[in-house]
Amino acid sequence: MYRMTLNGREIDDIHRLVGEITEKYTTVENAEFLRNAPVLAHELPRRVRSFLNDFRLTEPSGVAVISGLPIDQERIGSTPAHWRDREAVSSALLEEVFFFLCGTLLGDVFGWSTQQDGHLMHDVLPIKGDEDDQLGSGSKQLLWWHTEDAFHPFRGDYVGLLCLRNPDGVETTVAMADKIPWNEVDVDHLFQPLFHIRPDESHLPKNQAVRDVPPETQELLDAAYARIIEMNTQAEKRPILSGSARSPYMCLDPYFMDVDKLEEPARGALRGLIDVIDRVLEPVVLEPGDCCFVDNYKAVHGRNPFTARYDGNDRWLKRICVTRNLRNSREARLSSSDRVIF
Ligand SMILES: NC(=[NH2+])NCCC[C@H](N)C(=O)O
Ligand SMILES: O=C(O)CCC(=O)C(=O)O
Ligand SMILES: [Fe+2]
């Protein structure tokens, strides 16, 4: 793991910058803020910029964590019951701005029209009724390790998780490519387009929120859901590994891959990889203020089961997706600067 801890002066500088920004903008989804974010991110402390730049370019680890950001538990208030319950102005706006600017040092933050109402800033919190679901909002069941949005050709390069609270020390799990003994894995077959990955349930229409959108957006949204359903029934075959054969990038989500239905040698190759990933999987307890970025090519992540409280003190994370190449998805976005993939 690649780690840094903010010192007192850096925290003061961050508070000053974020204070200035939140005087002007009341959400990180404000169009002008989004346009200026890469410029504003230049004003983060140099050690933070340098840390994230190294993480991006030299790939020292599959996971980077910046700790030390103080979280005012009283100001952020209780953990909402649902991601749909977002306030007009987020109680955690200051933290979100810092988190968003850090993400912007790695690339461009983007969202999905089919996930959390198209918002860029997601909430990860346990939702009553989702306990047994394979969702970020689940709790009782193991959240299987996965590449974030593995099924989608426009998946992000990084997934950011900012911990606001985690009173029971619930464990995120990570397995980093650099810890995998690649010589024990059937790399050759995993580089071949023999595998399909179905969309995870957070993108399915059943987890759609009811929202009012203009008719032209509704049309795009319907088309986006139609594509998700199509990917669910007839997923395209793709490789699991890419890049360097000795130090590969990974993209897999075994829970949605119907491993048993695969033919040999694909099945054996994937089973072998799943086994070694299980062996190197490690728990990471995110503490309040931890700003974590998982390299979505160099690590998979999940979450261990826990018992939700539903009393306002539940574990609460913010989540963002970051891409190094927004242009890749231009055909699925409304304009060159728009951040939402339909
Ligand atoms: N094995 C999986 N991919 N599970 C789904 C992961 C959680 C999903 N990203 C969500 O937002 O709820
Ligand atoms: O809750 C966590 O620690 C990870 C959640 C996650 O992987 C997700 O929401 O996709
Ligand atoms: Fe995830």
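Whatever order the structure lists ligands and atoms in, that order sets their numbers, starting from 1.
- Residues H152 and W112 place their aromatic rings such that the two centres sit under 6.0 Å apart.
- The pair R86-D117 does not meet the salt-bridge criterion, since no charged nitrogen lies less than 4.0 angstrom from a carboxylate oxygen.
- Ion pairing of E95 with R75 is present here, as a side-chain N (NZ or NE/NH1/NH2) and a carboxylate O approach within less than 4.0 Å.
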- Message: Before you tell me yes or no, could you show the steps for I228 and F151 under side-chain contact (heavy atoms from CB on, under 4.5 Å), namely the whole-Å CA-CA distance, both residues' side-chain angles and the distance that decides it to 0.1 Å?
- Response: CA-CA 9 Å; I228 297 279; F151 71 99; 3.8 Å; yes

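- Residue-level contacts of ligand 2 at the 4.0 Å heavy-atom threshold are V124, G136, L143, H146, E148, T172, H301, R303, R315, L317, R319.
- Residue Y255 places no N or O, backbone or side chain, under 3.5 Å from any N or O of ligand 1.
- Applying the salt bridge (charged side-chain N to carboxylate O under 4.0 Å, His left out) criterion to E171, with sequence neighbours excluded, gives no partner residue.
- For E148 atom OE1 and H301 atom NE2, the angle they make at the Fe ion (ligand 3) is roughly 90°, to 10 degrees.
- Shortest distance from the Fe ion (ligand 3) to H146 is reached at NE2 (N/O/S atoms only).
- Look at K298 and D178 and you find a salt bridge, because one of the NZ, NE, NH1 or NH2 atoms lies within 4.0 Å of a carboxylate O, short of that distance.
- Counted by atom type alone, R165 and T79 present one or more donor-acceptor pairs between their side chains at under 3.5 Å.
- The residue V124 has no part lying near ligand 1, judged by heavy-atom distances below 4.0 Å.
- Counting heavy atoms only, E148 comes closest to atom 9 (N) of ligand 1 of the residues E148, H203, Q116.
- We find that D13 and R16 are joined by a salt bridge, their nearest charged nitrogen and carboxylate oxygen being less than 4.0 Å apart.
- Residue-ligand proximity, W144 to ligand 1, at heavy-atom distances under 4.0 Å covers atoms 1 (N).
- In terms of protein heavy atoms, atom 12 (O) of ligand 1 is closest to G136 N, 2.7 Å.
- Residue R319 holds the heavy atom nearest to atom 11 (O) of ligand 1 of all those in R319, H146, H122.
- Ranking protein heavy atoms by distance to atom 2 (C) of ligand 1, first place goes to D253 OD2, 3.4 Å.
- Within the 4.0 Å heavy-atom shell around ligand 1 one does not find W145.
- In this structure, a donor-acceptor pair under 3.5 Å is absent between the side chains of Q234 and H196.
- The protein non-hydrogen atom at the shortest distance from atom 5 (C) of ligand 1 is Q134 O, 3.4 Å.
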